[in-house]
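Working notes for the structure below.
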Amino acid sequence: NAGVTQTPKFQVLKTGQSMTLQCAQDMNHEYMSWYRQDPGMGLRLIHYSVGAGITDQGEVPNGYNVSRSTTEDFPLRLLSAAPSQTSVYFCASSYADRRYEQYFGPGTRLTVT
Amino acid sequence: AQRVTQPEKLLSVFKGAPVELKCNYSYSGSPELFWYVQYSRQRLQLLLRHISRESIKGFTADLNKGETSFHLKKPFAQEEDSAMYYCALSSNLFFGTGTRLTVIP
C-alpha cells in the first residue's frame, strides 16, 4: 500500500494563479481532510469529506475548493493564489469510525509570490 | 469555542531526565484528546489517545477535566524521542501549535 500520496511535493505560484494539489489514498478510507501548517499556528483544518460526494468546511476554508468524486481522491483547488496561502499542505485519511487516527501524506510545500 | 494550547514551542531535556509536554484545552462538552508526533523526515502520526489510557513508547497522558489538561509525560527521555509533538482535540482533530522536543545526549 502506498498509503496517502500527495503531488506535487513543492510548488511556486504567482499571485492570482490557480492550481490543484492532488491527494490520493489506497486504504479505502471514508474520511479525508486537508490541513495547512504554518509556523506558530500548528495545523488548521481547511476542508474535509466523510465520503464520496460529501464535503464540508473546516476552520480555514476561504480561498480553497474541494470535491470528492471517488473514495480514493480528494483534490484541493486554489482558484486565485494569494501570498497568505504560502504554507505546507497536508492531506490525511481515516476510517469514518476512527477519525481520530488519521494517516497523513508527506505534504506539499507551496510558495505564492 | 474549542481551543488547544501548547504553551512551549521548544523544550529541551537531557537523556534520562523526565519530560512533560503541556497541553490545555477549551471545549464545551465531553472532550476527546490525542497526541500526534512527527519525527524528523517522517509523517505525522497518532501517538496516543486519552480514552485508551495506554502507554506508547513509554509516554502516557492523563486527561484532567478539572484542570482541562492533557499533558504528555515520560519518566526517562531517550534521544529518539526528539520530535514535534501536537496535542489535538475532538475527532475532527483541532490541533495545538506544537512543541518541538529535543533530547540532549
Side-chain angles (χ1 to χ4, degrees), chain A residues 1-7 9-10 23-27 29-51 54-61 66 74 87-109, chain B residues 1-11 21-27 29-54 56-57 59 61 63 70 72 83-101:
Chain A
N1 283 356
V4 179
T5 58
Q6 290 182 240
T7 56
K9 283 191 169 57
F10 302 94
C23 173
Q25 53 91 11
D26 61 0
M27 297 174 281
H29 285 164
E30 301 94 349
Y31 185 85
M32 296 186 74
S33 55
W34 276 102
Y35 292 86
R36 58 177 290 172
Q37 182 184 46
D38 302 292
M41 303 286 285
L43 286 94
R44 292 180 291 169
L45 182 64
I46 305 171
H47 284 284
Y48 64 96
S49 168
V50 298
I54 306 168
T55 64
D56 208 344
Q57 296 181 349
E59 185 188 358
V60 288
V66 292
F74 191 44
S87 188
V88 181
Y89 291 85
F90 290 97
C91 179
S93 73
S94 70
Y95 291 112
D97 60 349
R98 291 173 70 90
R99 281 162 59 170
Y100 58 85
E101 187 173 8
Q102 294 198 29
Y103 290 80
F104 280 79
T108 294
R109 186 174 293 275
Chain B
Q2 41 187 8
R3 179 191 292 269
V4 176
T5 303
Q6 294 182 251
E8 303 137 330
K9 282 194 170 68
L10 304 170
L11 182 64
L21 294 99
K22 292 185 167 49
C23 172
N24 288 90
Y25 67 90
S26 172
Y27 188 72
S30 189
E32 298 175 85
L33 283 140
F34 313 93
W35 277 98
Y36 270 72
V37 61
Q38 187 171 25
Y39 300 103
S40 178
R41 289 184 291 279
Q42 293 189 29
R43 302 184 185 195
L44 192 61
Q45 59 187 286
L46 177 67
L47 179 62
L48 55 81
R49 56 182 180 134
H50 87 272
I51 200 167
S52 61
R53 301 185 64 82
E54 57 193 343
I56 303 290
K57 300 186 180 185
F59 284 99
L63 176 61
F70 188 57
L72 184 68
M84 192 75 179
Y85 291 82
Y86 291 96
C87 184
L89 173 65
S90 89
S91 59
N92 270 7
L93 292 185
F94 190 83
F95 283 92
T97 52
T99 299
R100 182 169 297 281
L101 173 66

Self-check item: Name of the residue among His50(B), Arg49(B), Glu32(B) meeting side-chain hydrogen bond (donor to acceptor under 3.5 Å, both in side chains) with Tyr100(A)
Solution: Arg49(B)
Quiz prompt | Shortest non-hydrogen contact between Arg43(B) and Val4(A), atoms and distance | solution = NH1-O, 2.6 Å
Quiz item: With distance as the sole criterion, is a donor-acceptor pair present between the side chains of Tyr86(B) and Gln37(A) under 3.5 Å?
Solution: yes
Quiz item: Would you find a donor on one side and an acceptor on the other, under 3.5 Å apart, between the side chain of Tyr36(B) and the backbone of Gln102(A)?
Solution: yes
Quiz item: Shortest non-hydrogen contact from Met41(A) to Thr97(B)?
Solution: C-CG2, 3.8 Å
Self-check item: Residues, nucleotides or ligands: over 12 heavy atoms within 6.0 Å of Tyr89(A) OH
Solution: yes
Quiz item: At a heavy-atom separation under 4.5 Å, does Gln38(B) approach chain A through its side chain, its backbone, both, or neither?
Solution: side chain
Exercise. Counting only heavy atoms closer than 4.5 Å, note whether Phe90(A) contacts chain B via side chain, backbone, both or neither.
Key: side chain
Quiz prompt | Rounded distance (nearest 0.5 Å) linking atom CZ of Arg44(A) with atom CZ of Phe95(B) | solution = 13.5 Å
Self-check item: CG-CG distance between Leu43(A) and Leu93(B), expressed to the nearest 0.5 angstrom
Solution: 9.5 Å
Exercise. Could you have a look at Gly3(A), Gly42(A), Gly40(A) and say which one has the most heavy-atom pairs with chain B under 4.5 angstrom?
Key: Gly42(A)
